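I have placed the structure first, in the form of structure tokens, so that the comments after it can refer back to it.
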Amino acid sequence: MTEIRLHNSRTRRKEAFAPLDAENVRMYVCGPTVYDRAHLGNARPVVVFDVLYRLLRHVYGEDHVTYVRNFTDVDDKINARARAMQEAGDARSLNEIIRALTDETIDWYHADMDALGALRPSHEPRATEFIVQMVAMIEGLIAKGHAYAAEGHVLFDVRSYPNYGKLSGRSVDDMIAGARVEVAPYKRDPMDFVLWKPSSAEEPGWDSPWGRGRPGWHIECSAMSHELLGPAFDIHGGGIDLQFPHHENEIAQSCCAHPEADFANFWLHNEMVQVEGKKMSKSLGNFFTVRDLMTGNSPHGRLSGMTIRLAFLLSHYRSPTDLSGRKVKNSRAILMELCSGLAQLGTKGLKELRLADPLDAVVEKLADDLDTAGALAEIRIRLKHTLGQSVTSDFLSTISTSLQLLGLDLRSIDSTYDLAIARDRENGLVGKYPEALELAKHTLENARKAAKISRDFREVDRIKAILASKDIEVRMSNSGVDLIRTPDFDPSVMDCLI
RNA sequence: GGCGAGUUGGCGGAGUGGUUACGCAGCGGAUUGCAAAUCCGUGUACAGGAGUUCGAUUCUCCUACUCGCCUCCA
């Protein structure tokens with residue numbers, strides 16, 4: 001069996017991964033707070049941990065991996081957004097607005113992440129559906145002397161857990177010396193954090209032994225991972241900015257509530273998405289949503305989900321990455337190259353692609369702490385070596401399956417199809433584009449025929465420019481004209497191509 | 001201020017105590033009405049300093065710089 005090695009934030013070293021139970025490998029990843037479209041920073045961990053999920057499924061079997069990613073649907077930011085909507089004239093009650101807002105945001109999230117080629121996790125629990133478990137866990141923590149109630153709040157007593165700060169490599173005393181902690185009169189120690197807090201009458205709230213209130217942010221992950229994965233599981237993932245305080249607090253809660261277990265074995269953290277060297281974040285306002293990019297509302301024009309995904313895969317997950325123009329350009333070019341590779345045997349070859357074993361070299365690269373860039377290099381170099389050679393359907397199936405392991409299912413996208421038709425034409429076969437594309441092709445061919453005689457190529461250039469502006473690549477040779485829809489082609493412009 | 005991560009050629013990104021992955025971009029050429037695609041050829045790097053060593057980009061220490069966390073954050 002392939003040995004997977006992963007960088008464990010807990011030990012700050014690359015370690016061999018061994019699941020607690022190979023029959024059920026368990027992973028928990030912190031999901032989004034649902035009040036707004038997901039931005040690129042939210043998308044990166046989705047792609048990173050999707051690759052890990054696929055790798056685990058490959059190594060341990062599809063039915064032997066459980067992946068949980070939560071939705072935080074109770075949070076002060078959600079409340080604030082709902083209040084703003086109310087002030088803007090929304091007549092519904094705060095709770096009604098919140099329910100509608102979180103439902104809609106979850107739908108958006110699903111649509112956007114699906115477009116990035118991410119598999120849905122096994123479970124996507126909403127925090128509000130696990131309040132009972134959270135209350136029970138808080139009660140347990142109080143009973144064990146790790147938490148205390150004060151003025152309607154319940155706080156975790158960080159001094160009761162000697163390992164507090166171990167994950168992020170800091171001590172309680174150092175942090176207090178840093179002096180940027182919130183002091184509240186009801187806290188025993190400034191570092192103590194909230195497990196439960198009171199809600200006003202109109203705010204979302206649940207009855208509890210400490211009065212009507214709502215959970216603090218961190219307890220949901222502890223309660224839901226315990227409920228769905230048990231007291232000990234294999235992998236816990238998230239962005240590096242969650243390492244402190246969120247993950248530190250999760251560890252404190254879970255390990256104190258279930259001292260017999262060890263909570264998460266491996267901690268994986270992805271680095272941040274940057275914009276011009278600075279972290280992309282909502283508080284800085286320098287973010288793009290996935291939706292912005294996919295609709296062309298960005299400096300890079302319209303990007304398909306696959307282009308965005310590939311751009312992420314070109315960087316190692318533990319390095320910061322900047323979605324610069326250069327990177328996007330690179331990503332687009334590589335995507336076309338990959339599609340072209342898959343299309344080498346024409347449309348017939350495309351139909352013959354089946355599920356095969358992925359390349360060993362690709363599995364090995366991924367097993368080495370998710371070296372996605374290395375895995376891509378392995379695929380590309382093999383494709384390159386076959387150019388001009390005779391390739392087999394088996395080989396392309398291997399390539400295709402390897403790409404799918406990276407979440408790049410390029411078999412059925414338009415670019416691959418168009419490139420396959422171009423291949424067919426080279427081989428003297430007549431392929432069929434969609435009607436609008438076929439029409440554009442004939443128009444271009446006729447203009448070109450006329451221009452060859454008149455030596456006036458202005459009309460040809462005009463048509464070419466229009467097609468290029470619509471993300472269609474024009475390839476002309478003595479043997480004919482090929483039109484290739486690029487991966488970022490917008491199907492909605494199909495009606496009026498030229 | 002405290003803590004952590006990092007610094008490899010124009011860019012992305014591997015790796016090794018001694019022979020400079022890989023890709024993209026660039027440049028030259030073929031091809032093309034011009035392009036695109038494709039093919040052929042080609043240059044450039046290991047932040048700085050000190051140490052260990054026969055020899056360091058690779059080990060140790062120091063410095064500089066970058067980024068992150070310490071406040072909601074993927």
Side-chain angles (χ1 to χ4, degrees), chain A residues 7 9 12 29-33 35 38-49 69 72 75-77 80 165 167-171 173-182 191 217 237-248 269-274 277-284 287 311 313-322 324-327 329-334 336-337 340 365 368 371-381 384 387-388 419 422 448 451-452 454-458 460-461 464-465 467-468 472-478 481-484 486:
Chain A
H7 180 90
S9 302
R12 299 173 211 297
V29 174
C30 292
T33 302
Y35 65 104
H39 63 83
L40 280 180
N42 298 303
R44 189 174 191 193
V46 171
V47 171
V48 166
F49 292 106
R69 187 181 60 212
T72 300
D75 181 274
D76 289 351
K77 291 189 295 294
L167 176 73
S168 50
R170 51 188 90 201
S171 74
D173 292 325
D174 283 346
M175 286 185 280
I176 291 170
R180 283 177 75 175
V181 285
E182 182 197 354
M191 290 308 295
W217 172 37
I240 185 73
D241 55 347
L242 294 184
Q243 191 180 39
F244 187 89
H246 183 55
H247 291 161
E248 200 71 69
H269 291 105
N270 63 275
E271 255 293 350
M272 301 287 99
V273 177
Q274 302 189 336
K278 289 286 173 202
K279 173 182 164 183
M280 175 180 285
S281 75
K282 289 191 173 164
S283 45
L284 290 175
F287 66 92
L313 297 181
L314 289 172
S315 299
H316 188 85
Y317 77 96
R318 283 191 290 111
S319 298
T321 187
D322 203 326
S324 59
R326 185 174 252 142
K327 188 124 201 172
K329 197 179 157 198
N330 202 201
S331 178
R332 284 176 161 145
I334 293 171
M336 277 294 266
E337 174 196 314
S340 182
K365 289 288 181 187
D368 181 12
D371 180 8
T372 49
L376 277 165
E378 296 289 346
I379 293 172
R380 297 175 65 195
I381 198 158
K384 192 161 194 168
L387 287 174
L419 286 158
R448 187 168 179 241
K452 287 228 178 191
S454 68
R455 307 308 294 169
D456 178 0
F457 287 90
R458 278 178 298 183
V460 175
D461 288 338
K464 264 170 58 183
L467 292 171
I472 294 173
E473 198 171 292
V474 178
R475 298 184 181 179
M476 295 192 292
S477 67
N478 283 331
V481 172
D482 295 308
L483 298 183
I484 319 289
T486 70

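The figures here come from the full heavy-atom set of this structure, side chains too, leaving out hydrogens, waters and symmetry mates. Predicted model, so just to flag it, every value in this text is computed and none were measured.
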>> Ignoring hydrogens and geometry beyond distance, is a side-chain donor-acceptor pair present between Lys327(A) and Ser315(A) at under 3.5 Å?
In response: yes

> Going by atom types only, do His7(A) and His269(A) share a side-chain donor-acceptor pair under 3.5 Å?
Replying inline: no

Without decimals, in angstroms, what is the distance between [X] [atom1] and [N] [atom2]?
| X | N | atom1 | atom2 | value |
| --- | --- | --- | --- | --- |
| Arg12(A) | rG4(B) | CZ | P | 7 Å |
| Asp482(A) | rA35(B) | CG | C1' | 14 Å |
| Arg455(A) | rU32(B) | CZ | P | 12 Å |
| Arg318(A) | rA5(B) | CZ | C1' | 10 Å |
| Met336(A) | rA25(B) | CE | P | 13 Å |
| Tyr317(A) | rG6(B) | OH | C1' | 15 Å |
| Met476(A) | rU31(B) | CE | C1' | 14 Å |
| Asp241(A) | rA5(B) | CG | P | 17 Å |

Side chain of [X] only, heavy atoms from C-beta on: which candidate in [options] is closest?
| X | options | answer |
| --- | --- | --- |
| Ile240(A) | rA74(B), rG23(B), rG68(B) | rG68(B) |
| Pro45(A) | rC24(B), rA74(B), rC69(B) | rA74(B) |
| Leu314(A) | rC34(B), rG23(B), rG12(B) | rG12(B) |

> Does Glu248(A) use its side chain to pair, donor to acceptor, with the backbone of Ser168(A) at less than 3.5 Å?
Replying inline: yes

> Does the Arg44(A) side chain pair with the main chain of Glu271(A), one donor and one acceptor, at a distance under 3.5 Å?
Replying inline: yes

Does [X] make a side-chain N or O approach to OP1 or OP2 of [N] shorter than 4.0 Å?
| X | N | answer |
| --- | --- | --- |
| Asn42(A) | rA74(B) | yes |
| Lys384(A) | rC24(B) | yes |
| Lys365(A) | rA14(B) | no |
| Lys464(A) | rA36(B) | no |
| Ser319(A) | rG6(B) | no |

> So does Glu378(A) pair up with Arg380(A), basic N to acidic O under 4.0 Å?
Replying inline: no

> Taking atom types as they are modelled, is there a donor-acceptor pair under 3.5 Å from the base of rC24(B) to the side chain of Lys329(A)?
Replying inline: no

>> When you measure only distances, ignoring hydrogens and angles, does the side chain of Asp371(A) come within 3.5 Å of the base of rG13(B) through a donor and an acceptor?
In response: no

> So does Arg12(A) have more than 12 non-hydrogen atoms from other groups sitting under 6.0 Å from CZ?
Replying inline: yes

Heavy atoms only, 4.0 Å cut-off, all strands: where does [X] land among base, sugar-phosphate and nothing?
| X | result |
| --- | --- |
| Gly238(A) | sugar-phosphate |
| His39(A) | base |
| Val460(A) | base |
| Asp368(A) | sugar-phosphate |
| Val273(A) | base |

>> For rC3(B), give the paired nucleotide (Watson-Crick: N1-N3 plus N6-O4 or O6-N4; G-U: N1-O2 and O6-N3; both under 3.5 Å), or none.
In response: rG68(B)

> Does rA21(B) have a Watson-Crick or wobble mate here (both distances under 3.5 Å), and if so which one?
Replying inline: none

